[in-house]
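This report concerns only the one structure given below.
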Amino acid sequence: MADAGAKKSNPNTKSGGKKKEVKKETGLGLSKKKDENFGEWYSEVVVHSEMIEYYNISGCYILRPWTMSIWETMQAFFDAEIKRRKVKNTYFPLFVSPSVLEKEKDHIEGFAPEVAWVTKCGKSELEVPIAIRPTSETIMYPYFSKWIRGHRDLPLKLNQWCNVVRWEFSNPTPFIRSREFLWQEGHTAFATQSEADEEVLEILELYRRIYEEYLAIPVVKGKKSELEKFAGGLYTTSVEAFIPNTGRGVQGATSHCLGQNFAKMFGIEFENEKGGKAMVWQNSWAYSTRTIGVMVMVHGDDRGLVLPPKVAAIQVIVVPVPYKDTNTKEMFEACLTTVDTLTEAGFRVEADLRDNYGPGWKYSHWEMKGVPLRIEIGPRDLEKNQVRLVRRDNSDKVDIPVSNLVERVKDFLDRIQENLFDVAKQKRDASIRVAKTWDEFIEALNQKKMILAPWCDEMEVEEDVKKRTRGETGAAKSLCTPFEQPELPEGTLCFASGKAAKKWTYWGRSY
Ligand code: 87F
């Protein structure tokens, strides 16, 4: 039983096989390496870790329990935080009638090709086709205008957890670009702009915390350019992540101030204290299952997924390591006691006591699934009243006395969470280049960097940058103007136009 994978073939390899082969193969669960073929590596990781199953409609994916538990952890955090801010959950229908969709025509225009329509019921054509929500402004706002009458009805703060459909045509990628995805969409209305402004940043801070505290991914908070903002709104803020392997930025989540644009379109007015009519100020904000794809891309390695302890469905996996004719009963009991002790202390723990797989197979399996910490219990550990801890992130091993189990496991999980963030931040920071001229910009872009450049903040100049960098891998664009601005010495010129620079802005190719 001690030999890895003797009874069943290794799920991480095509052929499985005997002890010798398995030894060689257990590290080869993935046929592609992250640094050599990132795209295929990613597709393999999400499937082999049992997060995703491909579906027979392009761009649609099954989110398996291993994925959903991560989503639910982030959901629990965010849902509690917005409820503390008096946001109420709601649910609006999935379908949109064409007449309201038309109302938002100007802003929908660019998005129209992605809207999916139901045109038939059974064999008969619908008299009026019905759209499937790509986002819910046009579904919700007619009711905002009905429900908001006086200043006492404000603020109105609604959120919904739902799915949306955007029929994208450019290459679908699990989590990152799928035709249906899960998100939360917050829609709020206030009497004043200052209340709206304040909320935009409060929500953005929650998004930063999801990335940095839960997913251990560093992000930049900032403002979107005029070209990249949500066209229907006043201004857009975002958290931006970066994938060093591909040299692409990822918009992690957005928090928009919509101003009074939608209030005008949908007639969302209220009577103020003085008895006069006024238009509401609105915000909308969202993050989606894309967060999970960013996590896989940033932390995964050649052995599979690497999960930050805070979001892992299983934080600790306990594996018995029987040797020849050891007393497995005693060993299994030690495993179960370990699970009980740690469960009681509040950790998410399981023991893998399956007798049709050997320890080596189990190691590879749980490494592929990214479980942060493994506990091995073998005959020597039983004798010495100890267990062995093995970290997923850096393979560090240490034997600890059973009496210190809870505190050492806590310490390890904390350190793994911290280390994942630190390593990700080091790699992200090492990918940043400052470019003051066009030549420096192009050089950094070709080296797949995230570029910080002084910019004149003119829309035509960004359009020009896009045009000049158009290529197979997509054009460069602004990612955001970070709120945290390095000093901009007077007289600094825009990298692209040579005009006076107004702000430091991040640029790059992006997802
Ligand atoms: C695709 C099809 C139709 C994005 C679309 O970011 C419409 C749209 O309006 C569309 N893709 N958008 C922008 C969404 C803006 C906004 N909605 C509420 C958010 C946060 C949540």
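Keep in mind that the numbers below use all heavy atoms, side chains included, and drop hydrogens, waters and symmetry copies. Note that the structure is predicted; figures quoted are calculated from it, not measured. Just follow the structure's listing: the first ligand is 1, and inside any ligand the first atom is 1.
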Please list, in number order, the atoms of ligand 1 under 4.0 Å from a heavy atom of P134. 1 (C), 2 (C), 3 (C), 7 (C)

Which heavy atom of the protein is the closest neighbour of atom 19 (C) of ligand 1, given with residue, atom name and distance? H256 NE2, 3.1 Å

By number and element, which atoms of ligand 1 are closer than 4.0 Å to a non-hydrogen atom of E114? 1 (C)

Numbered atoms of ligand 1 (with element) below 4.0 Å of T254, judged on heavy atoms: 6 (O)

Under the side-chain hydrogen bond (donor to acceptor under 3.5 Å, both in side chains) rule, collect the residues that match up with K427, sequence neighbours excluded. none

Give me the one residue out of E240, E228, E463 that meets salt bridge (charged side-chain N to carboxylate O under 4.0 Å, His left out) with K477. E228

Heavy-atom nearest option to atom 21 (C) of ligand 1, drawn from S288, A286, A116, S255: A286

Can you establish whether the number of heavy atoms outside K448 located under 6.0 Å from its atom NZ is more than 12? no

Does the separation of the ring centres of Y287 and F78 fall below 6.0 angstrom? yes

With nothing but distance in play, are any N or O atoms of T135 less than 3.5 Å from an N or O of ligand 1? yes

Do ligand 1 and H187 have nitrogen or oxygen atoms that lie under 3.5 Å from each other? no

Suppose I only count heavy atoms of F230 and a 4.0 Å limit; which atoms of ligand 1 are within that range? 9 (O), 13 (C), 15 (C)

Tell me which one of F111, W285, W167 gets a heavy atom nearest to atom 10 (C) of ligand 1. F111

Out of M140, E137, Q184, Q160, who gets a non-hydrogen atom closest to atom 17 (N) of ligand 1? E137

Under the ring-ring contact (aromatic ring centres under 6.0 Å, His included) definition, can you give me all pairs with a residue in residues 229-250, not counting sequence neighbours? F230-H256

On the 0 to 90° scale, with breaks at 30° and 60°, tag the W183-F181 ring pair as parallel, tilted or perpendicular. perpendicular

Going by atom types alone, do S225 and E462 pair a side-chain donor with an acceptor below 3.5 Å? yes

